Structure formats: structure tokens, C-alpha cells
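Here the structure is laid out as C-alpha cells; the discussion comes afterwards.
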Amino acid sequence: MFINTKPTVWPGRPYPLGATWDGEGVNFSIFSEHAHKVELCLFDASGRRELYRIPLPEQTDQVWHGYLPEARPGLLYGYRVHGPYEPANGLRFNPNKLLLDPYAKQIHGTLKWSDAHFGYRIGGKQEDLSFDRRDSAAGMPKSMVIDPAFTWGSDRAPRIPWHESVIYEAHVKGFTMRHSEVPTALRGTYAGLATAPVIDYLKRLGVTAVELMPVHYFIDDRLLVDRGLRNYWGYNTIGFFAPEPRYSATNSIHEFKTMVKTLHSAGIEVILDVVYNHTAEGNQLGPTLSFRGIDNPSYYRLVPDNQRYYMDYTGTGNSLNMRHPRVLQLIMDSLRYWVLEMHVDGFRFDLAATLARELHEVDRLGAFLDIIHQDPVLSQAKLIAEPWDLGEGGYQVGKFPVGWAEWNDRYRDALRSYWKGDGGLIGELAYRVTGSSDLYERSGRRPYASVNFVTAHDGFTLRDLVSYNEKHNEANGEDNRDGTNSNRSWNCGVEGPTDDPAINALRLQQSRNFVATLLLSQGVPMLLAGDEIGHTQLGNNNAYCQDNEISWLNWESTDQDRELLAFVQRMITLRKRHPVFHRRNFFQGRPIKGAGVKDILWLTPSGLEMTDDEWKQSHAQTLGVLLSGEALDERGDRGEAIKDNNFLLLLNANHEAKPFTLPTIAQDAHWRALVDTTWNDHTRRSMHDSGQPYPLQGRSLALLIEHRRGDRRG
């Protein structure tokens, strides 16, 4: 294609943006408000030899475009954009730098770092940002024209209701790299996630959605590459439409689509962790790879009185300019593409507060949130905000609008501190385990606005949370300075691995405490992949650059690992079976009409209702909560009344046993213990009379179900 003959170019059309194959040729379209000329650069199949530079012949509404009637899918291309180089005025045009198409649907190759990737001359005074004339094409990945055709067949989105969702955060590569039942060639890939052993495992575990860490095309930071490391997590995006090729076994976007289709067939949704708040081009000293060279002041937030510098709300050096309509269009087009063309079910937005910044402040009525709210496609997807960024006023937990769920770090912190043994937290804990009504109810949201988690990719794993008091990030090459020092963890008496059976038993019990609390709380539970099988990162709480066995899941499980896995499976099943644990409405704390009992009742170890003074006790570490299934007061999809059993949840973070008097609801009622985190045999049950003490052990959780004579429920 185009080897011996110069390609014909027609005017083409400004829309759609990107490279679009129509069955006869390819239309190329790219936005640049301030450019003087845009050249389309064509490459051979290897991507190493530049064949032609073709000036795009037309400009319509600041969009440059042209049509190549002889072009076909598989063609590799890039852009060179001409215009003024005036860093002080925010203009960074440099046609010596090959640029990726912001709308590229597939990207071929990886970045090979050199000084040529920088628009300014490295080696002199960097702050001078003097123009650099070296050509970057040899080390640049190339955009690729695709044929989007794919046989979706009968694929349908599972559309799991929010209140019935159980999310599983996973890394595409790390999940299967050490999985012996996944074929070697498929480990660490989209195809690996679609294999039968993985699908069967996810189904048996009981999760309803996998939340994949970033799969948009990203690059490895130069500083990491120089240290022999890689950007494992992937929060360094440069291509918002292209699947990351390092996770592909076939070098085809069909592989990603097949993965989604296979997960859907198993009834499992696919949620993508997306990074639209910044790009991989960094600060004023970063490389010129795409947006910076196409139209720097349009794509990025610049410091108003000195536009060589970037507004940095993300800690990465730059922030995308959400005030520009073409940037908003880019993000919305990307989101719709992943829903409509790739069939994903939702998104978790990294540092989402940045996306809502109109001027400097976070604006709940910002254009980004408004556009999503009215969009007929995106408003129906699952939308999860990481509701903070690093800028002033960036902490926005509880402040996103209706239609959004949020990562609730107040839930994480409350549970960690409580089970660590900190006193005076029962009031905070009560709000968190009942759906955080103090954060979400006033704005008209429901308990499922709260995505509850104890662990996530960022921080300790569950095993490390109960095994380390301090972070151990030496492998990152930053002298253990990176990562948070506030882990709210407890090592149970010894730092790191130990052969002490008593300590290991306590760590397993603490792990069960966290899992049981998470899965019995109102809201949407999110599990970190590997926690259920005891995955450890050896105390590393910031493993973003560890593309190795520190991060990859180890599937060679011990007896303790298998015991924890069985416990997690059982708790998920219990949660799903009983609607009282995944209510659609907040508790009211008062008698429900027709039921004659309160929907929730907080109890002291004496079995009496909590008083205001008892909530304020700084030493309190024991709490009971009666959840009334009789007073559920909810309706099913067909209007049928939903009822459930009555449950009693007992929590004791103190190291000493606290006998807990069981309440009397009905004269013929008994209590049957379903869960006790001190039990080793979790198939056991025990019956207890109302009014009698339950032997609640130190650092334990127990769940009891009310049982009446002749009652076959539960």
C-alpha cells in the first residue's frame, strides 16, 4: 500500500474525528485550533520507515481533514503539526515530533525513550525550552487504522442493579500471569481473562462485575525505565480509544471485545478504570507525544499569567482542560466508544474531582457532569467517581450528583481503624456500615452511591493490612519515601511473615472480620483481586511500578488461603440471598407502618437500645445491630413486597471477650449463629435463646438469624 506511488488525497470530511474506514478508503480528521498546517505521515508495516507526508487539504471549524481512497485497515500513521513555538504563550508546535492521533482506535508499538521526544533541547538550560529539531518518529509508536467489524451475536449487557452489585477490582496482566490453568501464551492478556478457568473462578466467587485497572494505551515513565521498572498500574494514558497492546495476545482489538462478550455470557459486567484527568505528557519539561504538539493551550489547563507552566490538580504535571468544548468532546466520544463499540458496562473515573473543575474550584454543576447526566448512553452506564484530586478543595466525597456512585474512603478508614482496635469509632462505624446516609441521603442518592472497600490497588492488600505496621516500598527505588504512611494497619504482633501459629490464626481471623463487615454493609462492596486468596505484596503499599511477582497473583494457595476463599464465597452468597444486606433505601430508625418494629436497632452488650451518651463513649469497641427483614418496606420489579429474616450483627474490636445479651423480638424466637469469625469450621451452626448471652469473642464478628418455631426461612 503506497509503497511505489504517492497516495491520492481528497478533501474528506471533518467528522467523525480520527481515522475512519468506510469500506472504500479512510477519512482522516484531527482538531487543532492554533495550527498553521497539519501533515499526515504514513509508515510501512513495521512502523520504522516513513513513506509519505501528506498535508491535510481542508480545514473546517478548526478541524483538519482529508480522505485517502486507497488506504486500508492496518495502515500505520501519525501527524506532524506546524505552528508557532512560543512556550511563554502556551504554544508548543514542533513538526519534528511525530504525534499520536488522539482518536486512534489502535496503537502499534511502544515508546522507545530518547531526548528526541522532547520539544525543547535537552542538555542546556531546560527552563529556556529552546526549540529542538531532532526527529522523534523512529522511537514513537504509531496510530493504526482499524476495521471495527465484530460479530457480537446475542451479546447483551447484564445490567446488574446497583444494589445487587459486587465489584472485583483486578489487573488484566497480574490476574493471570501466574495462573497454571491458563495457557502460557494467554497469561497476562485479555484472552487470558476470557479462558474457562478464570470465568469459572469468578462465577464461583460470586462477583457481578470486574473493574479493570487502566486498559487505555499508556506509556512507561522515563524515570521508571531508567531504573529498570515499568508503569504497572497504567495511570499514564496517552490514547483514550486504544486498548493497551501489552495485554493483547493477538494484537487485535477483537481480543478485547471477545473478553467482554465472554464475561457478559457469564453474567459478569465489565467496568473500566479510566484516566481522563491528565495525560502521559507531564509538566512543562515533559515529552511531546500527542496533545502538547497538536494544540497545547486547547488541551491543557495552563497557568494564566505564565503559560509555559501547567495547572496541576493531579500530581502528574498536567490537567486536561475541561473548559474547552473539544476536550469535552474527546472524553465523551471516548466514553461512548467504549460503551457502544466495545460494550463495556461502566467506568471508574480516576481523580474525578479534576473533571468537574470549571474555573479553579470543583463545580458540581460543571459541564462534564451535566453532559453525562443528559447523555442517553452514558447516563445508563455505571459511573463511579474517585471523588477527590490533589488540588485545593479537591476532596469531594459525598458531593457528586445523582446517578454517580463514589469510592468511599471514609468507609475504608473507619473499618481499618475500628478493627485495628481504636476506640470511640462506633458512631462513625454505624454510619459507614449502613450506607453512609450522612454523605448521600440529603442529595437524593441511595445507599448504593457508596462503593465500600477496605483495600484497593493503591495501598496494602488485605494480607498485608493484617501483617504490617509500616510500608516496605524499597523495591520501588525511592528509599521507601513513596506511598502513604497512614495505613491504619496492625501486624498482630510481628512485622511481616511469621511461623507463629497463633499470630497467623489471628491474622486470618482479622481478615474474616474485614471481609464479613464489608459484605454485610449497605452499599456496593468492592473486593481487591487476590485478597480472597491471601495475596501479599510483602508490605509494598505503592506497587505501581512492580510488574513482577510482587504484584502478580500467586495461585498456589495454602490451607489458610483456601479457607479464606471459602469464607469469602460464603459471605457473598449470604449477601445475595438476603435483601436486608443490600437495601435500596436507607434505614429510617423508626417503626415501619404495618411491621410494628424498627427497621434497625442499635444495641449495647446488655441487649438494650443504645442511648445518646453511649454513642459518645471514647472507649466503646463493641456494637450490636438488629436488622429487621420484616420491616424492609421495599418492592420488587413487579410491585411485590420484599421481606426477609431478622438478623443480628455483633462486632467486637476489643481484645477481650464481650458476652452479648440476645434481644427478644417474639416469645417463640431463638437465634441461630450463621457466622462467627472465630470459627475454623464455617459449616457449623449454633442455637441460642433470646435473653441469653452470646459468647462474643475478642476481635470477632458474629451474625445471627432469628428463628421462630415452624419458621423455614433462612
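In this chain, residues are counted from 1 in sequence order. As the structure is a prediction and not an experimental result, all values here were calculated from the model.
Looking at Arg410 and Glu428, a side-chain N of the basic residue comes within less than 4.0 Å of a carboxylate O on the acidic one, giving a salt bridge. Under a 4.0 Å N-O distance rule, the pair Asp389/Arg357 qualifies as a salt bridge.
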Test side-chain hydrogen bond (donor to acceptor under 3.5 Å, both in side chains) on Ser700 and Asn652 and set out the steps.
CA-CA 5 Å; Ser700 74; Asn652 179 24; 5.2 Å; no
Run the salt bridge (charged side-chain N to carboxylate O under 4.0 Å, His left out) test on Arg512 and Glu563 for me, step by step, so that the C-alpha distance in whole Å, both residues' side-chain angles and the decisive distance to 0.1 Å come before the verdict.
CA-CA 10 Å; Arg512 290 194 290 256; Glu563 182 182 339; 2.9 Å; yes
Could you walk me through whether Asp676 and Thr678 pass the side-chain hydrogen bond (donor to acceptor under 3.5 Å, both in side chains) check?
CA-CA 5 Å; Asp676 190 315; Thr678 64; 2.6 Å; yes
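Between Phe175 and Trp555, the distance from one ring center to the other falls under 6.0 angstrom. The six-membered or imidazole ring of Phe349 lies near that of Trp404, with a centre-to-centre distance under 6.0 Å. Checked against a 6.0 Å centroid threshold, the rings of His343 and Phe256 do not count as neighbours. For Trp602 and Trp615, the gap between ring centers is short of 6.0 Å. A ring-centre distance under 6.0 Å is found for Phe240 and Tyr276. Side-chain rings of His472 and Tyr468 approach one another, their centers coming within less than 6.0 Å. The six-membered or imidazole ring of His457 lies near that of Tyr235, with a centre-to-centre distance under 6.0 Å.
Here the CG atom belonging to Leu224 is positioned 10.5 Å from the CZ atom belonging to Arg230, to the nearest 0.5 angstrom. Atoms CG and CD, on Leu527 and Glu211 in that order, are 11.5 Å from each other to the nearest 0.5 Å.
Under the 3.5 Å distance criterion, with hydrogens and angles disregarded, no donor-acceptor pair is assigned to the side chains of Tyr411 and Ser450. A donor-acceptor contact closer than 3.5 angstrom is absent between the side chains of Asn473 and Asn542. For the residue pair Tyr190/Glu244, the side-chain donor-acceptor check at 3.5 Å is not satisfied. One side chain, Asp409 or Tyr395, offers a donor N or O that lies under 3.5 Å from an acceptor on the other. Side chains of Asp531 and Thr455: a donor-acceptor N/O pair is present below 3.5 angstrom, by distance only. The closest side-chain donor-acceptor pair between Asn548 and Gln546 falls under 3.5 angstrom. Ser417 and Arg488 form a side-chain donor-acceptor contact under 3.5 Å, judged by distance and modelled atom types alone. Looking only at atom types and distance, the side chain of Asp312 has a donor-acceptor partner in the side chain of Thr314 under 3.5 Å away.
In this structure the side chain of Lys471 reaches within 4.5 angstrom of the side chain of Asn480, judged on heavy atoms.
Classification of the His171-Tyr247 ring pair by plane angle, with boundaries at 30° and 60°, yields perpendicular.
Not one N or O on the side chain of Arg699 forms a donor-acceptor pair closer than 3.5 Å with the backbone of Glu656. Not one N or O on the side chain of His578 forms a donor-acceptor pair closer than 3.5 Å with the backbone of Phe581. Here the side chain of Asn476 pairs no donor or acceptor atom with the backbone of Glu478 at under 3.5 angstrom. Looking at Thr677, its side chain does come within 3.5 Å of a backbone N or O of Leu701 through a donor-acceptor pair. Between the Thr189 side chain and the Gly192 main chain, a donor and an acceptor come within less than 3.5 Å of each other. Side-chain atoms of Gln621 never come within 3.5 Å of backbone atoms of Tyr418 as a donor-acceptor pair (strictly under, hydrogens ignored). A donor-acceptor contact shorter than 3.5 Å is absent between the side chain of Ser618 and the backbone of Gly424. Under the 3.5 Å distance criterion, the side-chain polar atoms of Asn277 are matched with a main-chain donor or acceptor of Asp350. A donor-acceptor pair is defined here as one N or O able to donate and one able to accept, closer than 3.5 Å; such a pair exists between the side chain of Gln510 and the backbone of Trp419. Checked by atom type and distance alone, the side chain of Lys576 pairs as donor or acceptor with a backbone atom of Gly206 at under 3.5 Å.
Under the side chain to side chain contact (heavy atoms under 4.5 Å, CB included) rule, Glu169 has a single partner from Ile271, Val451, Leu528, which is Leu528. Remark: of the listed residues Asp438, Asn452, Asp413, Thr517, Asp438 is the sole one forming a side chain to side chain donor-acceptor pair (under 3.5 Å) with Arg432.
Sequence neighbours left out, the pairs with a member in residues 454-469 that pass salt bridge (Lys or Arg N to Asp or Glu O under 4.0 Å) are Arg463-Asp561.
Applying the salt bridge (Lys or Arg N to Asp or Glu O under 4.0 Å) rule to Glu441 yields no partners; only residues at least two apart in sequence or on another chain are considered.
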